[in-house]
Amino acid sequence: MRYWLMKSEPSDYSIDDLARDKTAPWYGVRNYQARNFMRDDMRVGDRAFFYHSSCDEPGIVGIVEVAAPAHPDVTQFDRKSKYYDSASARDNPRWVNVDVRFMAKTRLVTLDELRRHKALAKMRVLQRGNRLSITPVEPAEWKHIMGMIQD
DNA sequence: GCCAACGTTGGC
DNA sequence: GCCAACGTTGGC
C-alpha cells in the first residue's frame with residue numbers, strides 16, 4: 001500500500017464536504033504528473049492525507065482512502081465545466097481520476113508545522129516550488145505525521 | 001493582490 | 001528540439 005497527499009481548495013471541496021459525501025471522484029486534475037500518479041500508481045486501499053490549499057490555514061485536515069481506480073474524468077467532456085477540455089476525445093480520454101473515501105478528520109496540521117519537522121524535510125509537498133496537487137508520501141513520513149496528529 | 005516557480009504552448 | 005511567452009498554482 002502506498003501513501004499520498006492530495007490537495008483541494010476548501011472553497012471548492014473541503015474535508016467537511018467529503019465527510020458528508022463519504023466518497024467522491026477526484027476530478028479536475030489537469031496536470032500530467034498528477035494524472036499519472038492516479039493512473040499508474042494509485043491502488044484501491046492506498047491512504048492519503050487530505051490537504052487544504054489556497055486558504056487561510058493551509059495544511060493537512062483529514063485522511064482518505066482510494067476507493068476506486070482511475071477512470072475517465074467526466075468533467076473533461078462537460079462544456080459547462082471549468083474543467084472542460086475540448087482537445088480530449090471520448091474514445092481517447094486525456095484525463096482520469098480515482099475516487100476517494102472519507103476516513104477521518106484530523107486536527108489541522110499546518111504547512112508551517114510540517115516545515116518545522118526535520119523528519120519531513122524531504123517530503124515532496126514541502127519542496128521549493130512544488131505545485132503538484134497529488135504527491136507521494138513516504139511510509140516513514142506518513143508514520144511521523146500520524147504521530148503528530150495523535151499528540 | 002503579489003509574485004516565484006514551473007508547466008504548457010507554439011513559432012521558428 | 002529550442003525557448004520565449006503565457007498561464008496556473010499556491011503561499012504569503
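So that the names make sense, note that chain A is the first sequence line, chain B the second, and so on, each numbered from 1.
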Quick one: which protein N/O atoms are closer than 3.5 Å to N/O atoms of nucleotides 2-7 of chain C? Pair and distance per line, please.
from  : atom 1 : to     : atom 2 : distance (Å)
C:dG7 : N2     : A:R131 : NH1    : 3.4

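Note on A:D112 versus A:R115: no salt bridge recorded, every NZ/NE/NH1/NH2 to OD/OE distance being 4.0 Å or above. Classification of A:R94 and A:D85 as a salt-bridged pair holds, one side-chain N sitting under 4.0 Å from a carboxylate O.
Look at CG on A:N31: it is 10 Å from C1' on C:dT9, rounded to the nearest Å. Taking atom CG of residue A:L132 and atom P of nucleotide C:dT8, one finds them 17 Å apart after rounding to whole Å. Atom CD of A:E57 and atom C1' of C:dG10 are 16 Å apart (whole Å). Computed from coordinates, the A:R124 CZ to C:dT9 P distance equals 17 Å when rounded to whole Å. The separation between A:M6 atom CE and C:dG10 atom P is 13 Å, rounded to whole Å. Going from atom CG of A:N130 over to atom P of C:dG10 covers 8 Å, rounded to whole Å.
For the contact set between residues 49-56 of chain A and DNA chain C, defined by any heavy atom under 4.0 Å, the members are A:Y51, A:S53, A:S54.
One finds no side-chain N or O of A:K7 lying less than 4.0 angstrom from the OP1 or OP2 phosphate oxygen of C:dT9.
Every pair passing side chain to side chain donor-acceptor pair (under 3.5 Å) that includes a residue from residues 137-150 of chain A is listed here, sequence neighbours excluded: A:H117-A:H144. Within the structure, side chain to side chain donor-acceptor pair (under 3.5 Å) pairs that include any residue of residues 50-70 of chain A comprise A:E65-A:R101 (at least two apart or interchain).
Of all the heavy atoms in A:I60 and A:T106, the pair that sits closest is O-OG1, 3.9 Å.
Taking A:R90 as the reference, nothing meets the salt bridge (Lys or Arg N to Asp or Glu O under 4.0 Å) condition, with sequence neighbours excluded. Shown here are the side chain to side chain contact (heavy atoms under 4.5 Å, CB included) partners of A:D21, two or more places apart in sequence or in another chain: A:Y13.
For OH of A:Y27, the number of neighbouring non-hydrogen atoms (other residues, nucleotides, ligands) closer than 6.0 Å is 12 at most.
Using a 4.0 Å heavy-atom distance criterion, A:Q33 is classed as a sugar-phosphate-only contact.
Between A:W95 and A:F77, the gap from one ring centroid to the other reaches at least 6.0 Å.
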